[in-house]
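Working notes, structure below.
In listed order, ligands and their atoms are each counted from 1.
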Amino acid sequence: MMYDVNRVREDFPILSREIYGRPLVYLDNGATTQKPRQVVEAMVDEYYNVNANVHRGVHFLSQQATDLHEASRETVRRFINARSTSEILFTRGTTESINLLAFSFGEAMVKEGDEVVVSAMEHHSNIVPWQMMCERKGAQLRVIPITDEGELQLEALEGLLHERTRIVCCTQVSNVLGTVNPVKEVVRRAHERNIPVLIDGAQSVPHMKVDVQDLDCDFFAFSGHKVYGPTGVGVLYGKEEWLEKLPPYQGGGEMIKNVSFEKTTYNELPYKFEAGTPDYVATHALATALDYVSGLGMENIEAHEQELTRYALERMQQIEGMHIFGDAKERDAVISFQVGDIHHLDMGTLLDRLGIAVRTGHHCAEPLMRRLGIEGTVRASFGLYNTKAEVDALVEGIERIRRMF
Ligand code: PLP
């Protein structure tokens with residue numbers, strides 16, 4: 001199938017907006033993606049025609065809302081190829097998924113003197129929850145270093161794994177460098193020592209086919225809003241044998257079997273981890289988004305974005321004073337850069353005046369910024385609807401700003 005990006009763009013009303021009288025060039029997809037009409041319409045339709053609280057009602061609408069919500073779980077299961085819907089937990093997003101895991105895993109598995117391994121290129125969301133848990137438990141955080149090219153130092157990982165290591169937590173794609181990490185290899189090495197692995201999939205799920213059984217990871221987290229779905233919903237995948245062992249994260253409705261003042265027993269998976277009314281409209285819309293990208297074909301999206309990234313790197317490297325951070329052999333649709341001594345905030349602000357939306361700053365990866373010896377970068381990140389003409393607009397914009405300074 002030919003990937004027709006102009007046809008795809010028609011599904012995204014916001015892309016025809018003008019910003020300061022110029023066509024919007026949206027290159028902040030790493031932060032959040034725009035929503036296709038199909039996703040927004042699924043939400044409107046559910047609120048207008050179905051809305052009722054799930055799981056607890058005998059009435060028709062509650063049943064229908066429950067069916068949509070549980071069908072969405074099956075869509076997520078299929079999308080990441082989990083074994084069972086018991087392994088799919090709905091959360092508010094990657095951050096909540098990791099907080100859930102850090103808390104529950106910490107309670108059950110981590111003791112004083114134990115260690116948790118993260119990588120030097122993690123987002124704060126995959127550092128701070130582990131740090132908080134380590135503080136609570138008297139455990140230590142250990143860090144897999146990276147090379148100057150922005151790749152994981154796998155040999156160093158070997159030295160970090162030992163009998164006190166409880167879990168390894170690693171991003172599949174860096175939200176700053178675009179590095180695609182060899183997470184399957186990380187999992188293999190950790191599993192040789194019976195250590196489980198969490199993969200942060202926030203930046204991989206929107207761009208490539210993910211198969212959790214093939215990766216063999218024990219846990220996997222991602223956010224709906226970064227994969228063309230709504231805000232406020234995300235997923236934690238966990239192997240059933242692990243989730244069975246872990247205690248609940250929050251208490252309240254839906255996560256219980258029986259409650260008395262003496263003792264509460266917990267619901268079965270996945271509900272044990274889903275206290276309170278879930279955002280069932282968002283879960284349905286997330287499933288709609290996953291169906292949408294599946295319909296386009298993840299391999300087509302990946303090929304389109306890879307081509308775009310190659311083109312952007314080629315053109316950007318020709319700009320005088322251009323410094324691109326990260327030069328991994330395998331990389332994704334994220335480009336962090338600085339030009340000469342132009343401050344990233346100035347660059348971002350001036351690009352905005354040209355209608356070009358990029359992100360500036362530390363990208364919630366302060367330890368990585370420290371490793372790179374910088375305070376921040378400008379980041380352009382591509383999505384399935386971006387075009388070469390938009391890359392050209394970015395390059396021309398950067399050139400124009402560079403000449404101003
Ligand atoms: N992990 C990575 C690699 C990210 O890029 C992000 C978001 O920028 C997150 C985690 C946190 O995602 P959310 O804010 O949707 O919870």
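Close approach of ligand 1 to Ser125 is summarised as follows: ligand atoms under 4.0 Å from at least one heavy atom of the residue are 10 (C), 11 (C). Set against the non-hydrogen atoms of Asn175, the atoms of ligand 1 under 4.0 Å away are 5 (O). Near Ser223, meaning under 4.0 Å from one of its heavy atoms, ligand 1 places the atoms 12 (O), 13 (P), 15 (O), 16 (O).
Both tests pass for Lys245 against the ring of Trp242: distance under 6.0 Å to the centre and angle within 45° of the axis.
Using a cut-off of 4.0 Å between Lys/Arg side-chain N and Asp/Glu carboxylate O, Glu307 and Lys388 are scored as salt-bridged. Taking the charged nitrogens against the carboxylate oxygens, Asp11 and Arg37 have no contact shorter than 4.0 Å, which rules out a salt bridge. Taking the charged nitrogens against the carboxylate oxygens, Arg403 and Glu320 have no contact shorter than 4.0 Å, which rules out a salt bridge.
With a heavy-atom cut-off of 4.0 Å, His225 touches ligand 1 through its side chain alone. For Asp200, every heavy-atom contact with ligand 1 shorter than 4.0 Å involves the side chain, none the backbone.
For His69 and Phe90, the distance between ring centers is under 6.0 angstrom.
By heavy-atom distance, the residue among Glu96, Lys226, Gln203 lying nearest atom 8 (O) of ligand 1 is Lys226.
Distances between N or O atoms of Thr171 and those of ligand 1 include no value under 3.5 Å.
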Report task. Output, in order, the C-alpha distance, side-chain angles, deciding distance and verdict of side-chain contact (heavy atoms from CB on, under 4.5 Å) for Phe219 and Leu243. Result -> CA-CA 9 Å; Phe219 305 100; Leu243 294 180; 4.2 Å; yes
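Among protein heavy atoms, the minimum distance from atom 14 (O) of ligand 1 is reached at Thr95 OG1, 3.6 Å. Residue, atom and distance of the protein heavy atom nearest to atom 4 (C) of ligand 1 are His123 CD2, 3.3 Å.
Rounding to the nearest 0.5 Å places CD1 of Ile301 at 10.0 Å from NE2 of His207.
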